[in-house]
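Quick notes on the structure that follows.
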Amino acid sequence: MPNPLRSLPSVNELLGNPRLQKMVEQVNHSVVVEGVRKILDDVRTQVQETATQMNVPDPAELAERVAAWVSRAEKPGLVPVINATGIMLHTGLGRAPLAEQALDSINAIATGYCNLEVDVKSGERSQRVFVVQDLLKQVTGAEAAMVVNNNAAATLLALAALAGGKQVIVSRGQLIEIGGSYRLPDVMECSGAILKEVGTTNKTRIDDYRNAIGDETGAILKVHPSNFEVVGFTQSVGLKELVELGKKNSLPVIDDIGSGSLVDLSKYGPIEEPVVKKSIEAGADVVLFSGDKLLGGPQCGIVVGKQKWIEKMLKHPLARSLRVDKLTLAALDATLRLYRDEAQAEQKIPLLSMLSTSLENLQHRAERICPQLDALESLASAEIIESESMLGGGSVPGQTIPSIAVALTPKSMSVEKLAARLREGHPALFGRISKDRLLFDLRTVPPKFDTQIVPLVREACHEPASTEETGL
Ligand SMILES: *Cc1c(COP(=O)(O)O)cnc(C)c1O
């Protein structure tokens with residue numbers, strides 16, 4: 001029997017295939033060579049394992065396999081996603097999209113040097129926090145401000161700097177866990193502060209806090225129980241009362257508000273999220289919140305409050321480990337600038353413009369997309385339905401605002417399969433499965449992506465993409 005491996009081309013022969021030559025130009029030589037070696041190796045192993053029973057694929061087929069391998073290898077770790085889940089702050093999908101102004105700012109700073117820690121007037125060394133300090137003071141009404149990597153970092157730093165080695169009083173109703181292994185008692189332990197729980201799960205009174213204060217007390221902490229709600233027989237203590245108690249006992253009151261919106265969002269729907277300014281007005285010593293939740297900026301943790309405490313946090317050794325980079329500051333600076341005019345913020349910050357989009361507008365967009373989907377062979381139906389968009393990102397699950405979605409029912413494919421194929425599209429399209437239908441909630445889809453939805457569904461409905469469709 002002739003050895004079938006004799007007909008296997010050499011690495012150089014296969015590389016000479018016109019399709020792969022084109023790839024060498026588009027991608028790079030060494031990646032394509034690696035692909036060629038890999039595919040030839042696979043064939044050799046296969047032939048040996050099947051004891052020469054198989055024929056070696058022809059060069060065209062081998063080239064296709066290499067091309068597919070290269071396409072997969074070249075796919076970046078992060079790919080853009082069209083978020084049609086209706087969840088506005090989807091942590092899995094990167095939370096808040098940035099405003100154009102923030103992108104311009106990153107672009108201007110990223111490609112060169114910048115005055116991150118230099119005062120341009122004097123030429124002297126300065127602090128990176130100064131970049132956004134004035135803006136943060138302006139939009140929150142606070143005396144001082146600083147920025148760290150995220151709100152978890154802000155919490156850790158506040159506890160360590162203000163109450164390291166001392167007790168921090170927290171209501172039992174606020175000992176929360178947020179997704180991704182963030183548990184308040186654990187963060188507390190890491191910070192070196194000692195948890196002093198008071199009250200019960202559903203009821204905590206001001207006397208519970210008062211009775212817990214002693215020589216060992218370092219701070220009082222209030223946490224917004226972002227992602228859950230205690231309903232029924234409940235009682236909690238307002239920030240103002242805690243501030244009064246803190247003042248009497250010379251203890252700082254830390255208010256972790258989580259999402260922290262800079263504007264009141266209740267005008268967009270039944271949304272009850274804390275507003276940063278209100279906490280400052282109520283007298284909180286330190287207010288902590290995320291930059292990439294309702295603020296609609298880059299990932300970071302923002303701390304605003306009294307000069308004395310912020311200074312202590314800035315000087316703490318952990319501050320260096322938790323600091324933000326220049327790109328985050330560039331994006332945050334540009335985002336905060338937009339907040340100096342609320343109408344402008346609503347128009348230009350994607351999260352706020354999503355929230356403020358009218359149902360008529362969504363309906364109108366759905367009416368353009370839906371008939372085209374309904375006409376696809378592989379779908380049994382596509383119809384416009386009423387939907388509920390969610391804030392997400394650790395906000396109370398019940399906080400929804402009305403929206404419009406297009407609901408798809410595939411003909412032969414399962415809904416899960418269709419959803420999975422769309423997730424692997426270019427760009428990826430994420431919908432939400434509900435009652436055996438795939439929903440595209442249009443509130444979270446920027447209108448510029450509307451025209452991509454139908455082609456993506458059409459592609460996903462076909463059998464698995466051939467190598468010609470792998471994007472190279
Ligand atoms: C989301 C959240 C955090 C964590 O914020 P990250 O920016 O994700 O680190 C902490 N506390 C509360 C109350 C939150 O809602």
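In listed order, ligands and their atoms are each counted from 1. Since the model is a prediction, treat every value here as computed from it, not as a measurement.
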Item to check | Atom CG of Asp119: over 12 foreign heavy atoms under 6.0 Å | outcome: yes
Checklist entry - Would you say Asp256 touches ligand 1, if touching means a heavy atom closer than 4.0 Å? => result yes
Next on the checklist: What I want to check is whether the side chains of Thr444 and Asp441 have a donor and an acceptor closer together than 3.5 Å.
Outcome noted: no
Checklist entry - Looking only at heavy atoms of Arg95, does any of them come nearer than 4.0 Å to an atom of ligand 1? => result yes
Checklist entry - Which is it for Ile178 and ligand 1 at heavy atoms under 4.0 Å: side chain, backbone, both or neither? => result side chain
Checklist entry - Would Glu117 and Arg125 count as a salt bridge (Lys or Arg N to Asp or Glu O under 4.0 Å) if you check the C-alpha gap in whole Å, the side-chain angles of each, and the deciding distance to 0.1 Å? => result CA-CA 6 Å; Glu117 290 190 358; Arg125 188 73 184 255; 2.6 Å; yes
Checklist entry - Can you find a side-chain donor-acceptor pair between Arg432 and Ser387 that sits under 3.5 Å? => result yes
Item to check | Atoms in ligand 1 with a heavy atom of His224 nearer than 4.0 Å | outcome: 13 (C)
Item to check | Per-residue contact class, Lys293 against ligand 1 - non-hydrogen pairs under 4.0 Å | outcome: side chain
Next on the checklist: Counting only nitrogen or oxygen atoms and a 3.5 angstrom limit, does Ser290 reach ligand 1?
Outcome noted: yes
Next on the checklist: One pair to check against salt bridge (Lys or Arg N to Asp or Glu O under 4.0 Å): Lys240 and Glu281. What are the steps and the verdict?
Outcome noted: CA-CA 9 Å; Lys240 276 201 174 122; Glu281 277 166 10; over 6 Å; no
